[in-house]
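Lettering of chains follows the sequences in order, A, B, ..., and the numbering in each one begins at 1. Below, each value reflects all heavy atoms present in this structure, side chains not excepted, and no hydrogens, waters or symmetry copies.
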Number of protein chains: 2
Amino acid sequence: MSMRLPAPARREQILDVSVQVFARNGFHSTSMNDVADAAGVTKPVLYQHFDSKQDLYLALLEEAGNRLRTAVAKAVASASNGKEQTELGFKAYFRWVADDHDAFLLLFGSRANRDEESTTTIRRITAETAHAIAPLIAADIEPEHQRTLAHGLVGLAEGVSRHLVERGELFDPNVLGQQIADLAWAGLRAVHRNG
Amino acid sequence: MSMRLPAPARREQILDVSVQVFARNGFHSTSMNDVADAAGVTKPVLYQHFDSKQDLYLALLEEAGNRLRTAVAKAVASASNGKEQTELGFKAYFRWVADDHDAFLLLFGSRANRDEESTTTIRRITAETAHAIAPLIAADIEPEHQRTLAHGLVGLAEGVSRHLVERGELFDPNVLGQQIADLAWAGLRAVHRNG
DNA sequence: CCACGCGGTTACCCTGGAGTAACCTATGTG
DNA sequence: CACATAGGTTACTCCAGGGTAACCGCGTGG
């Protein structure tokens, strides 16, 4: 019952609203009617902008993934040495979580409710993030193992974030990022020494 | 069309088979008929042993969670100093992942497909694991922060495991556990120093 | 040898929710 | 001012799949 909107604006609005609804309730517990209601519109309108529920959901994942990826990539690129890369990278990650936290829940929240294709998409995003992290890890170990550690660090950040976000706790991305970066950096050096 | 079984045996068999099916396809993409087929039986039989699909699924989560919890708790209890606790704890975790890896996927795989109640259960299991880990972390920091770091370490192990298990890679729990424990231990000391 | 009960099956009901066909109406343009 | 069209709605169709009622037959004990 909200006023009429030009198509592209409506599309954006639907995307905005959907992130929230899906993040809160997960894919399967959210009906297209729920989304429509939240957007103040009726179902067929959704289908004018997206082919299917899947399609809408994947668009959301894709956008969220892009925001995450660019945030981290930019931060890492702006640093000179490894330690600084680690710090800026983690800070950027946690800043993204704080700013865009419905998107975080959508991708990594424990409500995820994923099916085949969404799973693939999310795995890809995780893998890409890990890929961006991998160079931080000493280059003189087997690449396979390097990737494994990278996934560990992604999981580290994810675990911390999930805990904080799902409990609705506030946090300063810079402070948190610094600490987790310290942990990661010192940890990696230890692995390197003992490996 | 398999032969008849006494009720408790059938119940066990259903549980065994279900873990695999649900782990592979997730909750929503698995129908009760799928489970029944996999068990070589028909739907009503399932309902003689479990009240609902939910009920069956929760039973699986609960069992998997227990196995994880006891494995880690036992290992940690058998150690004397903090460093050894960390090592044995991670080794036990990765051994569990390797042995019981359908259960791992069920709890933490990227297919999870959870709804309200399952989410709660899994959060509880994660929180319990974190709780078991928390004492490893220097006691002279705020408990809130201690818990956050504990969740980070759980995420670290989870991220590593998910990467390996979902790619079907083999790994030696002892070697891997030692490395990740090194990482965690050195990392925590660094946080403590700089914090 | 018969009956009874336990393990099992067939065949159904019924709801939620994805997707759509047909229709309506505000708005800006000649 | 009429009318074209983009934006929106009402009122369906249709089916996957959770859950169940009613029935079947093997095997064991009286």
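In this structure, A/W96 and A/F104 have perpendicular ring planes: the angle between them is above 60°, well past the 30° mark.
Spacing between atom NE2 of B/H49 and atom C1' of C/dC6 amounts to 11 Å, rounded to whole angstrom units. Atom CG in B/D37 sits roughly 11 Å away from atom P in C/dT9 (whole-Å rounding). With rounding to whole Å, A/K43 atom NZ is found 19 Å from C/dC23 atom P. Protein atom OH of B/Y47 is 18 Å distant from nucleotide atom P of C/dC13, rounded to whole Å. Here the P atom of nucleotide D/dT28 and the CZ atom of B/R4 are 10 Å apart, to the nearest Å. Per the geometry, NZ belonging to A/K53 stands 17 Å off C1' belonging to C/dT20, to the nearest Å. A straight line from CZ of A/F50 to P of C/dA18 spans 15 Å, rounded to a whole angstrom.
Cation-pi geometry between B/K53 and B/F27 is met: the NZ or CZ atom falls under 6.0 Å from the ring centre, inside 45° of the normal.
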Does the pair B/H28 and A/D115 meet the rule for a side-chain contact (heavy atoms from CB on, under 4.5 Å), with working shown? CA-CA 8 Å; B/H28 287 284; A/D115 55 74; over 6 Å; no
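Contacts of A/T30 with the nucleic acid, taken as non-hydrogen atoms under 4.0 Å apart, involve only primed sugar atoms and P, OP1 or OP2. Residue-level contact check: A/P6 touches the backbone only, with heavy atoms under 4.0 Å from sugar-phosphate atoms and none from bases.
Distances from the side chain of B/V41 to the nucleotides D/dT20, C/dT9, C/dG7 place C/dT9 closest. Closest approach to the B/S31 side chain among C/dG8, D/dG17, C/dA21 is made by D/dG17 (side chain taken as heavy atoms from C-beta onward).
With the nearest nucleotide of DNA chain C identified for both B/A7 and A/S52, B/A7 has the one nearer the 5' end.
The phosphate of C/dC6 has neither OP1 nor OP2 within less than 4.0 Å of any side-chain N or O from B/R10. Side-chain nitrogen and oxygen atoms of A/T42 include at least one within less than 4.0 Å of the OP1 or OP2 phosphate oxygen of D/dT9.
No donor-acceptor contact under 3.5 Å links the side chain of A/Q48 to the base of D/dG7.
Within the 3.5 Å criterion, the main-chain N or O of B/S110 finds no donor-acceptor partner in the side chain of A/R123.
Residues B/E166 and B/L105 are in side-chain contact: their nearest non-hydrogen atoms beyond the backbone lie under 4.5 Å apart.
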